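Worksheet: the structure to be examined is printed underneath.
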Number of protein chains: 2
Amino acid sequence: MATTTETAGSNAQRERRRRILDATIALADTGGFDAVQMRAVADNADVALGTLYRYFPSKIHLLVTALGREFERAEAQSRTRAVPGDTPHQRVMHVLGVTTTALQKQPQLTEALTRAFMFADASVADEIHLVGIKLTAMITHAIDGTDEAREPTTEDMAIVRVIGDVWLSALMGWVTGRTSADDVTKSMDVAVKLLLR
Amino acid sequence: MATTTETAGSNAQRERRRRILDATIALADTGGFDAVQMRAVADNADVALGTLYRYFPSKIHLLVTALGREFERAEAQSRTRAVPGDTPHQRVMHVLGVTTTALQKQPQLTEALTRAFMFADASVADEIHLVGIKLTAMITHAIDGTDEAREPTTEDMAIVRVIGDVWLSALMGWVTGRTSADDVTKSMDVAVKLLLR
DNA sequence: TCCAAATCTAGAACGTGTTTCAATCATACC
DNA sequence: GGTATGATTGAAACACGTTCTAGATTTGGA
């Protein structure tokens with residue numbers, strides 16, 4: 001793999017970067033989007049405010065990058081095992097259900113990361129794209145069900161895109177307190193039923 | 001109709017409210033979300049900052065209310081005529097196409113209103129709900145195609161919900177500069193094809 | 001018409017994201 | 001080892017959403 005942002009720079013720099021992202025996640029987990037204050041992140045990560053801004057040009061970049069790291073972790077884990085369920089619908093719902101449950105356990109963190117994702121503009125396109133790829137991989141893997149990666153068809157990809165859209169929208173409703181976590185699962189179920197038939 | 005927020009208060013108050021919303025739209029149309037600064041809105045509407053906050057408790061409330069007003073206008077207009085097209089798919093795409101074209105002509109305004117919608121939390125639930133109702137009405141009317149309103153089936157409503165979700169997601173990609181307006185139309189087309197078959 | 005209550009105004013002030021700057025520190029190269 | 005270059009620090013300053021206050025104005029009822 002080519003040298004990416006994660007592995008660039010000196011040891012000390014990689015350490016700083018890790019501390020910053022750890023502090024970000026910790027603060028987000030405690031108090032959500034509003035608790036991720038740049039001064040607090042800098043303090044907790046033991047770097048100066050200016051340094052924080054040298055590593056991440058905005059709060060949104062910071063949070064979306066943190067989201068990418070979490071997503072990467074989740075997707076890597078999901079990749080290791082086959083998804084239970086007899087039909088694509090069941091398997092997709094299984095993955096979505098597991099994920100939703102996980103998100104429910106850390107509502108503040110979910111709120112912070114989702115808000116950042118929604119607010120991100122073109123300057124964060126790369127990080128957003130990474131998240132999209134990971135999500136697509138997870139759902140495609142679920143439709144497939146096997147350990148082996150298969151080349152998804154055009155229709156598969158379209159379906160996955162729509163599922164991702166519905167998911168984001170449902171998540172948005174949940175993190176903004178307009179709907180319940182149950183509603184997320186329900187609307188996913190309806191959408192998946194419509195799409196995988 | 002019961003006395004709603006729009007018609008409550010004295011003449012002078014209704015006038016102030018209208019001036020505020022007009023100033024909001026004008027600023028949004030010029031410079032998008034960032035240009036809608038509370039001090040600028042107050043100045044342009046000839047009210048004090050404190051008064052602005054008495055009418056709308058936050059910038060998000062202000063923008064989402066303005067969005068509701070615009071949506072109401074659009075839906076009222078769409079209600080007056082039958083939608084052209086021979087199939088539900090064609091008719092829905094016609095409505096979405098017309099709407100997307102309209103939004104493209106005022107990209108800054110679209111950006112401001114969409115961002116506000118995405119950022120809105122539970123305290124704006126009423127205004128959000130109004131927008132949802134209007135959108136649902138427009139798409140249901142398009143599926144139907146006739147002048148007469150028909151009671152939508154459960155499946156209709158589910159489909160309309162999913163279409164709305166995909167639309168929001170596509171719009172989000174567009175207003176944040178990650179995708180083109182063409183992409184919006186394309187992804188709507190794919191989603192509608194998947195759903196209305 | 002007059003008064004009490006509500007509303008409006010002008011402006012200061014606060015919090016947090018972001019920028020800037022001078023001084024200090026670390027690193028790489030001679 | 002010495003030095004140039006870049007990174008880091010600490011702190012101040014700015015922008016904009018939001019809150020607050022004291023006084024002026026408007027409104028609605030007696």
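Just so it is clear, the model here is predicted, and its values are computed rather than measured. Note that these values count all heavy atoms, side chains included, but never hydrogens, waters or copies made by symmetry. Numbers restart at 1 for each chain; the letters A, B, ... are given by sequence-line order, proteins then strands.
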Quick one: label [X] by what it contacts on the DNA or RNA (base, sugar-phosphate, nothing), any heavy atom closer than 4.0 Å.
X: A:Val36; result: sugar-phosphate
X: A:Tyr55; result: sugar-phosphate
X: A:Asp43; result: nothing
X: B:Arg16; result: sugar-phosphate

Taking only the side-chain heavy atoms of [X] (C-beta and beyond), determine which of [options] contains the nearest atom.
X: A:Thr51; options: C:dT16, C:dA12, D:dT9; result: D:dT9
X: B:Tyr53; options: C:dG17, D:dA12, D:dG17; result: D:dG17
X: B:Gln37; options: D:dC16, C:dT18, C:dT9; result: D:dC16
X: B:Leu49; options: C:dT9, C:dT7, D:dT19; result: D:dT19

Next on the checklist: Within the structure provided, determine whether B:Met138 and B:Thr99 are in side-chain contact (heavy-atom separation under 4.5 Å).
Outcome noted: yes
Item to check | Min side-chain heavy-atom separation B:Arg16-B:Arg54 under 4.5 Å | outcome: no
Checklist entry - If only side-chain N and O atoms of B:Gln13 are considered, is one of them under 4.0 Å from the OP1 or OP2 phosphate oxygen of C:dC8? => result yes
Next on the checklist: For A:Val47 and B:Arg39, find the nucleotide of DNA chain D closest to each by heavy atoms; which residue's nucleotide sits nearer the 5' end?
Outcome noted: A:Val47
Checklist outcome for this item: Result for 5'-nearest mapping on DNA chain D, choosing between B:Met38 and B:Ala12, is B:Met38
Checklist entry - Quick check: are there more than 12 heavy atoms from other residues, nucleotides or ligands sitting under 6.0 Å from CZ of B:Arg91? => result yes
Item to check | Residue pair A:Val190 / B:Ala158: nearest heavy atoms and the distance that separates them | outcome: CG1-CB, 3.4 Å
